[in-house]
Protein chains: 2
Amino acid sequence: MDEYIKPVITTQALRRMPYYIQQLRMLQNENIETVSAPKIAELLNLNEVQVRKDFAAVSSSKGKPKAGFSVTELITNMENLLGYNNAEEAVLVGAGSLAHAILTYEGFKTYGLKIVAAFDINSAYIGTEINGTKVISAEKISDLCRRMKVYIGIITVPASQAQIVCDQLVAGGVLAIWNFAPIRLSVPDHILVQNENLAASLAVLSKHLKEKMNYL
Amino acid sequence: MDEYIKPVITTQALRRMPYYIQQLRMLQNENIETVSAPKIAELLNLNEVQVRKDFAAVSSSKGKPKAGFSVTELITNMENLLGYNNAEEAVLVGAGSLAHAILTYEGFKTYGLKIVAAFDINSAYIGTEINGTKVISAEKISDLCRRMKVYIGIITVPASQAQIVCDQLVAGGVLAIWNFAPIRLSVPDHILVQNENLAASLAVLSKHLKEKMNYL
DNA sequence: ACAATATCAATATAAAAATACTGATAAAGT
DNA sequence: ACTTTATCAGTATTTTTATATTGATATTGT
């Protein structure tokens, strides 16, 4: 017997979802009810087929020829997929300016992430609040994560301390780490690390720019 | 006749370079002269073959069996490739907390990026300095970019204003844009856009975490 | 009712990236 | 000198991702 195989959503498709959601919300505000894959592709500078496949992978119903997909339904499906509705709690380690930026960024609420505590080793910061989030001594990382059952940790400390912090988070039962430090963390197999390395992005940018300049 | 074909460095390899550089510098500090691909692979949790290919793609000399590659030479080659030595000038638009984090981040100097001016529309910011960089009225973007021959623009404004800012940068002759706003910019073909979307990274993280949680 | 058309779905192909395999070689040990 | 071994380089395979092609179908206009 044939089983129903839920389409696998690839990592790259996942990365495109927030763009789709953003665009679809804009259409929704204009009271547009249905949209076609080619239309979205045009708006976001993507390939038409790619968009259609992404939609097919998340959509609970099929697209209709000549009309396309239901805007509202796509939004709902994507938001559910990404968990925008049931916020996950996270802790943040490091209270520097990047941490500030992250804690100040209101967008995360929408994205289903709620930062419940920030840690730092600098006693000057401890006890203060950043945008409503308390800064706590880094000694308490493991303990607090375990007690609060927090599964996401965000690391914004300097490279030299990132691995130490990472180990503490893992000891506290954290399962996923969003790492802004420019090093590759070593973690047990079952821990998920998402690296956010500005240097890496910049490398791509400046190399490509350099190639471009050679033509001038 | 056979021409020498310089190995093409793929985008993904490029993204790995900063990690290599960082690791190699650490080895250099320990006065280690040569290193093998498997060793680096182990330190960075990468595949051995992948590392060797990346090294082969940038290295000006070959690796030696049993010894590996010259640490110093690899660093030099990679730094030259990424332009860490001859800094490119860039401007930043948007003086919010993310801009603060970027302007405060000392690392960019090392990475060959020099931010020469910051722009904002908020008159409260204009005229102030952030970590030594002056904040200038956003009206002057095009003009100043053109006069200073700046080719890199960094966008940290809210999504709603990103496209406007982008157009101004392009009008000012900027060729590469580093976009932190969560939208896809539309630009002429010859303009390079590198998107840095926190929502996209978070989407990957939380989806994978959710799958993980289903097993518990 | 019928033809034209935009769009879809499914399959096929291509491109990019990661990983595996195989034989060669320089250094180290016997 | 010979053998062993770690590592390399090159080629092959696999996986992932993107794009192209083909035929089907719902809607619109005649």
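Per chain, numbering begins at 1; letters A, B, ... match sequence-line order.
The shortest heavy-atom contact between B:Ala101 and A:Ala101 is CB-CB, 4.2 Å. Closest approach of A:Ala199 and A:Asn197 over heavy atoms only: N-OD1, 2.9 Å. Minimum heavy-atom separation, A:Ile155 to A:Ala162: CD1-O, 4.0 Å. Taking all atoms of both residues into account, the shortest heavy-atom contact from A:Ala118 to A:Leu103 is CB-CD1, 4.3 Å.
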Under 3.5 Å, sequence neighbours excluded: what are the donor-acceptor pairs made by side chains of residues 40-48 of chain B?
unit_1, atom_1, unit_2, atom_2, d
B:Asn45, ND2, A:Leu185, O, 3.3
B:Asn47, OD1, B:Val49, N, 2.7
B:Asn47, OD1, B:Gln50, N, 3.2
B:Glu48, OE2, B:Arg52, NH2, 2.8

Please list every donor-acceptor pair under 3.5 Å in which a side-chain atom of residues 21-37 of chain B meets a protein atom from a residue at least two apart or in another chain.
unit_1, atom_1, unit_2, atom_2, d
B:Arg25, NE, B:Glu79, OE2, 3.3
B:Arg25, NH2, B:Glu79, OE2, 2.6
B:Ser36, OG, B:Lys39, N, 3.3

Interface polar pairs with nucleotides 14-20 of chain D, N/O, under 3.5 angstrom:
unit_1, atom_1, unit_2, atom_2, d
D:dA18, OP1, A:Arg16, NH1, 3.2
D:dA18, OP2, A:Arg16, NH1, 2.9
D:dA18, OP2, A:Arg16, NH2, 3.1
D:dA18, OP2, A:Gln50, NE2, 3.2
D:dA18, O5', A:Gln50, NE2, 3.2

Find every protein N or O atom lying less than 3.5 Å from an N or O atom of nucleotides 4-8 of chain D, and list the pairs.
unit_1, atom_1, unit_2, atom_2, d
D:dT5, O2, B:Lys66, NZ, 3.2
D:dA6, O4', B:Lys66, NZ, 3.4
D:dT7, O4', B:Lys66, N, 3.4
D:dC8, OP1, B:Ala37, N, 3.0
D:dC8, OP2, B:Arg52, NE, 2.8
D:dC8, OP2, B:Arg52, NH2, 2.8
D:dC8, O5', B:Arg52, NE, 3.4
D:dC8, O3', B:Gly63, O, 3.1

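The aromatic rings of A:Phe108 and A:Tyr105 sit perpendicular, their planes meeting at an angle over 60°, well past the 30° parallel limit. Aromatic ring orientation, B:Phe55 versus B:Phe69: perpendicular (interplanar angle above 60°, classes split at 30° and 60°).
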Dump the intermediate steps for side-chain hydrogen bond (donor to acceptor under 3.5 Å, both in side chains) on B:Ser60 and B:Asn77, then the final yes or no. CA-CA 7 Å; B:Ser60 49; B:Asn77 292 153; 3.3 Å; yes
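With hydrogens and angles ignored, the 3.5 Å screen pairs no side-chain donor or acceptor of B:Asn179 with any backbone N or O of B:Gln194. No donor-acceptor pair closer than 3.5 Å links the side chain of A:Ser59 to the backbone N or O of A:Lys62. The closest donor-acceptor contact from the side chain of B:Lys207 to the backbone of A:Thr11 lies at 3.5 Å or more, if one exists at all.
Within residues 188-198 of chain A, no residue has a heavy atom under 4.0 Å from DNA chain C.
In the 5' to 3' direction, nucleotides of DNA chain C lying under 4.0 Å from heavy atoms of chain B begin and end at C:dA17 to C:dA27.
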